[in-house]
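For reference, the structure is listed below as structure tokens.
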Amino acid sequence: MRTIERVHDLRDLCDRARAAGGRVGFVPTMGYFHAGHRSLMRAARADTDLVVVSLFVNPLQFAPNEDLAAYPRDRAGDAAAAEAEGVDILFAPTTDEVYPRPPVTTVRVEGLTAGLCGRSRPTHFDGVTTVVAKLFSMVGPSRAYFGRKDAQQLAVVRRMAADLDLPVEVVGCPLVREPDGLAMSSRNAYLEPDDRRAATVLSRALEAAAAEIRAGARDADHVHRVLTGLIATEPRVQIDYAEVVAADDLTPVTEITGDVLVAVAAHVGRARLIDNMTVTVHDDQVVVDLGVVAPDPSAPESPQPEVV
Ligand code: PAF
């Protein structure tokens, strides 16, 4: 694996791979890798010839009151993890390399960014789409891999790529959970032990909502009450939102039918955590996707059990 800091060197290596007929796979990240990041790298490794991972904590997607300075960083650990996943290039630019001058050109996806996380983080997705568009332009991937834990981000990036005719396939990969259900996130590092225990209420609430839907509940208000009722039992967890929305355009639904995203966000101690599940309901058939449990690191070849 080569670690590269300059856009010029990155372009050169990606150009050479494409000229030799190779497909470039890309995993954009902000580092502090966990099993979720590693699953994206593994997917890229399985599909493409040159795997590029970016490691860049993008200031543009943090509001002034957010955790840019505190965001966890572990450059050496990240390099070791990426190398172990067979990554070819770790692109770890400085802020000046990505933004040599404050950008006056930004990318904004309307509509999809208005609700869910966009409501409490109104500038966040503009920062995400701007940096992802720049990274796509630097790397030139044929496929780019994003986790479904950031379901709104995935929908927004997909729409950006479609609207701008970017020649990249945006691939959504399963949300990865800890064995006790907590969705993996670099921000879990902020959790004190009591908060860490309390945070599992988010996945427990989603599971309770899934059980109601499997049992025949179709009223979104009812599912919302189940979610918020359970989350409210944990005083350490302050709910930001719990919503039932259409999976394609993220608009609120009243009835659970077709493809629906059930998404939650909450403050737990210093962390703001998000979690979600997708539910597909056709006639009496219900399929719930809560993601997968991280493989046991001591048994790396074991299959990942689905927690559907
Ligand atoms: O999901 C993330 O880690 C970031 O939002 C991304 C896509 C790397 C852009 O900075």
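In what follows, residues are counted from 1 in the order of the sequence shown. Atoms within a ligand are numbered from 1 in the order they appear, just like the ligands themselves.
- Nearest non-hydrogen protein atom to atom 2 (C) of ligand 1 is Gln153 NE2, 3.9 Å.
- Note that CD1 of Ile4 is 12.5 Å distant from CZ of Arg11, once rounded to the nearest 0.5 Å.
- One finds a salt bridge joining Arg177 and Asp275 here, because a Lys/Arg side-chain nitrogen approaches an Asp/Glu carboxylate oxygen to under 4.0 Å.
- The aromatic rings of Phe136 and Phe146 lie perpendicular to each other, with more than 60° between the two planes, well past the 30° mark.
- Polar contact check, Asn58 against ligand 1: no nitrogen or oxygen pair lies under 3.5 Å apart.
- Of all atoms in ligand 1, numbered sequentially from 1 with element shown, those under 4.0 Å from a heavy atom of Val131 are 9 (C), 10 (O).
- Atoms of ligand 1 found under 4.0 Å from any heavy atom of Pro28 (numbered from 1 in listed order, with element): 8 (C).
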Start with the C-alpha distance between Glu255 and Arg218, add both sets of side-chain angles, then the distance that settles salt bridge (charged side-chain N to carboxylate O under 4.0 Å, His left out), and finish with yes or no. CA-CA 5 Å; Glu255 195 196 342; Arg218 297 291 178 267; over 6 Å; no
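- Of the heavy atoms in Thr29, only backbone atoms (N, CA, C, O) come closer than 4.0 Å to ligand 1.
- When Lys134, Met30, Gln61 are checked for heavy-atom proximity to atom 10 (O) of ligand 1, Gln61 turns out nearest.
- In this view, Arg187 and Asp67 satisfy the salt bridge (Lys or Arg N to Asp or Glu O under 4.0 Å) rule, not counting sequence neighbours.
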